[in-house]
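The structure under discussion appears below in the form of structure tokens.
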Amino acid sequence: MSDSHIAKELKKVCPRKYDAHAISRAAFIIYQQSDIYISSKTENILITLMAMDMGEEFELSEQEFCDLLSELPES
């Protein structure tokens with residue numbers, strides 16, 4: 001799974017309404033897949049998204065989430 005594919009998968013999680021918890025769970029599932037190779041930048045982004053389930057202080061706004069996804073390497 002490429003970095004750009006990961007971004008597409010994360011965007012599909014909440015097409016109608018932003019849901020930080022659903023995104024966090026999806027990031028965890030992607031991160032746990034043993035058949036993917038991800039860059040260290042993508043790994044850090046996934047870890048940031050997984051942390052959103054740890055409390056409100058870790059939740060990103062919808063705009064912050066979109067900005068973070070735009071940082072994923074195009075590969």
| Spacing of L69 atom CG and I23 atom CD1 [to the nearest 0.5 Å] | 7.5 Å
| message | To the closest 0.5 Å, what do you measure between CE (M50) and CD (E43)? | response | 8.0 Å
| request: With rounding to the nearest 0.5 Å, note down the distance linking OH in Y31 to CD1 in I6. | output: 11.0 Å
| query | So, T48 side chain and N44 main chain: donor-acceptor pair closer than 3.5 Å or not? | reply | yes
| Do F28 and L72 sit in the same hydrophobic cluster, where Ile, Leu, Val, Met, Phe, Trp and Tyr count as joined when their side-chain heavy atoms come under 4.5 Å apart? | yes
| said: Please find the pair of heavy atoms, one from E71 and one from K41, that lie closest to each other, and give the distance. | reply: O-CE, 3.2 Å
| said: Rounded at 0.5 Å granularity, tell me how far NE2 in H5 sits from OG1 in T42. | reply: 13.0 Å
| query | Quick one: side chain to side chain donor-acceptor pair (under 3.5 Å) partners of Q63, sequence neighbours excluded? | reply | D67
| field | In one Ile/Leu/Val/Met/Phe/Trp/Tyr side-chain cluster, 4.5 Å: I29, L49 | value | no
Can you give the donor-acceptor pairs under 3.5 Å from side chains of residues 8-16 to other protein atoms, not counting sequence neighbours?
unit_1	atom_1	unit_2	atom_2	d
E9	OE2	K12	NZ	3.1

| said: side chain to side chain contact (heavy atoms under 4.5 Å, CB included), that's the test. Do H21 and E59 meet it? Break it down for me. | reply: CA-CA 8 Å; H21 297 290; E59 286 185 21; 3.3 Å; yes
| Heavy atoms from other residues, nucleotides or ligands near CD of E57 exceed 12 (cutoff 6.0 Å) | yes
| message | For A51 versus S24, what's the shortest heavy-atom pair and its separation? | response | N-OG, 4.4 Å
| request: Answer yes if F58 and I47 sit in the same cluster of Ile, Leu, Val, Met, Phe, Trp and Tyr residues linked by side chain heavy atoms under 4.5 Å apart, and no otherwise. | output: no
| Which heavy atom of L60 sits nearest a heavy atom of M52, and at what distance? | N-SD, 3.3 Å
